[in-house]
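Predicted, not measured: the structure shown is a model, and the values here were computed from it. Every chain is numbered from 1, with letters handed out A, B, ... down the list of sequences. The analysis underlying the following values was restricted to heavy atoms, covering all of them including side chains, and did not include hydrogens, waters or symmetry mates.
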Number of protein chains: 2
Amino acid sequence: MALRDTGTEQLIKDTAKRIFFAEGKLHATTQDIADAAGVNRTLLHYYFRSKDILIQQVFKEAMQGLNARLDTVMESDLPFKKKIENLIDVFLTEAVAFPYQETFLVTEILNDSCRIHDESKPQKIKSFLAQIQTEMDAGHIKPMNPVHFLMNLFSLMVYPLIMAPLFKEMFNFSDSGYTDMINERKKLICEMIFK
Amino acid sequence: MALRDTGTEQLIKDTAKRIFFAEGKLHATTQDIADAAGVNRTLLHYYFRSKDILIQQVFKEAMQGLNARLDTVMESDLPFKKKIENLIDVFLTEAVAFPYQETFLVTEILNDSCRIHDESKPQKIKSFLAQIQTEMDAGHIKPMNPVHFLMNLFSLMVYPLIMAPLFKEMFNFSDSGYTDMINERKKLICEMIFK
DNA sequence: CATTTGTTTGACAAAAATGTTAAACAAAAT
DNA sequence: ATTTTGTTTAACATTTTTGTCAAACAAATG
């Protein structure tokens, strides 16, 4: 008989991603995940054998998703500025939905430096860095190591979302006030990085 | 008899901070901490009664340190540009030594939303935001909500350090190459935020 | 409709992490 | 030197988290 596909396996994985990436609960237990998914904890072992394997799978898919997003955005042949706007749109949207995704990835990498990580790397980075260099040479953006340009971009997009709990307190933001402020950033970031 | 102060209590706390803030091992156990400190795990309970209390204390001190750093930097009466340069110097240095400090803070906040957190807030933010506004009015920096200005600043400083494990792979950096690149950022950030 | 097979569940078992106790130890005080 | 008191340790106990198993269940198949 073929798999019945009740959707439970996917539900568990999606719930795990929500807890880790969206809620930032990096210490979540298998029970936490099962409860949040509304399923018996044993199912987690039925489908994934162990917590460790679930984590590895979540890790791998997040990594591949990230790489895919990067490649898609970078290889599109929009004019440079449109390309960057698209990049900001794609990654800011992702970061709003899953602010702690990269934090999870890094935490996992640091906590088991021994294990083999996903080998796949984004393929289009080199040519994209070259394209950035071209734009700098043309005087459209401030000259610097193109790597800095990209790191700046991601920093400006993601960090305010990761640090929301701290920044809200520091600057006395309400939840909705913070969301409004984040929404202003799409334009703002664009203005910052083009001279 | 007074406390003998063998330095063990401080050693445990410092080691915990190193593991959490510098090494980013957010899942470290009490045994991990004790081992890294070279002491018997029981001492952790002798001095702090529970892991939870140790974590709370580490959290509190990190929060107060952060607030103290902010206040010190913001209330200094250097001319604005020097003040910002000093801010970058202070916070980038801290971030190089303890890149995962804020990640730890946020993770703790998210994992026990119920517990009471440190009430103390930086006192000097309001006046500093006002000063930023003044500089914008004077045309020294690009006009925007001063909060954005500060968030941009911290994003550009801290995020590349948090994401080092990912960025290193993405951009094919060696460890020392990455350090060199980070060191370039002090100047770069300054150039980015002043027009 | 009975059987097969994949899914779900609860009860149980094992492992890991945290917490406790009493005794050993060492520095200071008497 | 002996006692006192704070520190450290090992052995043990508890709790939490993870993992296993067999039985119950339900959908597809013959």
Asker: Heavy-atom distance under 4.5 Å between the side chains of B:N152 and A:R185, does that happen here?
Answerer: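 Yes, close enough: below the 4.5 Å cut-off.
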Asker: Listing request: all ring-ring contact (aromatic ring centres under 6.0 Å, His included) pairs with a residue in residues 89-111 of chain B, at least two apart in sequence or in separate chains.
Answerer: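 Passing the test, one end in residues 89-111 of chain B: B:F20-B:F104, B:F21-B:F104, B:F91-B:F154.
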Asker: Of all of residues 17-36 of chain A, which get a heavy atom below 4.0 angstrom from DNA chain D, listed by number?
Answerer: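 Going residue by residue through residues 17-36 of chain A, the ones with a heavy atom under 4.0 Å of DNA chain D turn out to be A:T29, A:T30.
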Asker: Without decimals, in angstroms, what is the distance between B:N40 CG and D:dG6 C1'?
Answerer: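 Taking CG of B:N40 and C1' of D:dG6, I get 16 Å after rounding.
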Asker: Whole angstrom is fine here: how far is it from CG in B:L43 over to C1' in C:dT18?
Answerer: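 Distance, rounded to whole Å: 15 Å.
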Asker: Quick one, give me the B/S/- string for nucleotides 20-25 of chain C, reading 5' to 3', where B means a protein heavy atom under 4.0 Å from the base and S means that only happens at the primed atoms, P, OP1 or OP2.
Answerer: BB----
Asker: Tell me the interatomic distance from B:Y46, atom OH, to D:dA10, atom P, rounded to whole angstroms.
Answerer: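 For the pair B:Y46 OH and D:dA10 P, the rounded distance is 17 Å.
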Asker: Pair up each side-chain donor or acceptor in residues 158-172 of chain B with any protein partner under 3.5 Å, not counting sequence neighbours, and list the distances.
Answerer:
| residue | atom | partner | partner atom | Å |
| --- | --- | --- | --- | --- |
| B:K168 | NZ | B:D175 | OD1 | 3.3 |
| B:N172 | OD1 | A:K121 | NZ | 2.8 |

Asker: What class does the angle between the rings of B:F80 and B:F149 fall in, given that below 30° is parallel, 30 to 60° is tilted and above 60° is perpendicular?
Answerer: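 If you compare the ring of B:F80 with that of B:F149, the planes turn out tilted.
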Asker: Quick check for you: among C:dT8, D:dT8, D:dT18, whose closest atom lies nearest to any side-chain atom of A:T8?
Answerer: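 Looking only at side-chain atoms, A:T8 lies closest to C:dT8.
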Asker: For B:Q10 and D:dT7, give me the distance from atom CD to atom C1', rounded to whole Å.
Answerer: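 Taking atom C1' of D:dT7 as the reference, CD of B:Q10 is at 17 Å.
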Asker: Can you measure B:F48 atom CZ to D:dT8 atom C1' for me and round it to whole angstrom units?
Answerer: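 B:F48 atom CZ is separated from D:dT8 atom C1' by 15 Å.
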Asker: Indicate the atoms forming the closest heavy-atom contact of B:E85 with B:C190, along with that distance.
Answerer: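 Heavy atoms of B:E85 and B:C190 come nearest at CG-SG, 3.5 Å.
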Asker: Provide, to the nearest angstrom, the distance between the CG atom belonging to A:D5 and the P atom belonging to D:dA28.
Answerer: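 So the two atoms are 12 Å apart, to the nearest Å.
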Asker: Using the side-chain heavy atoms of B:Y47, tell me which of these nucleotides is nearest: C:dT18, D:dT8, C:dT7.
Answerer: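 The answer is D:dT8, which lies nearest to the side chain.
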Asker: Looking at residues at least two apart in the chain, or sitting in another chain, which of them share a side chain to side chain donor-acceptor pair (under 3.5 Å) with A:E108?
Answerer: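 Side chain to side chain donor-acceptor pair (under 3.5 Å) check on A:E108 returns nothing, list empty.
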Asker: Rounded to whole Å, please give me the gap between CG in A:L44 and P in C:dT9.
Answerer: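 After rounding, the gap between these two atoms is 13 Å.
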Asker: So, is B:T6 close to the D:dG6 phosphate, meaning a side-chain N or O under 4.0 Å from OP1 or OP2?
Answerer: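 B:T6 to D:dG6 OP1/OP2: no side-chain N or O under 4.0 Å.
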Asker: Do the side chain of A:K83 and the main chain of A:S76 share a donor and acceptor less than 3.5 angstrom apart?
Answerer: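 A pair under 3.5 Å: yes.
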Asker: Taking only residues at least two apart or on different chains, which pairs with a member in residues 144-158 of chain A satisfy salt bridge (charged side-chain N to carboxylate O under 4.0 Å, His left out)?
Answerer: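 Non-adjacent pairs meeting salt bridge (charged side-chain N to carboxylate O under 4.0 Å, His left out): zero.
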Asker: Donor-acceptor pair, A:D71 side chain versus A:K124 backbone, under 3.5 Å?
Answerer: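 Present.
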Asker: Calculate the interatomic distance between A:E9 atom CD and C:dG6 atom P; express it in whole Å.
Answerer: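 From A:E9 CD to C:dG6 P: 14 Å.
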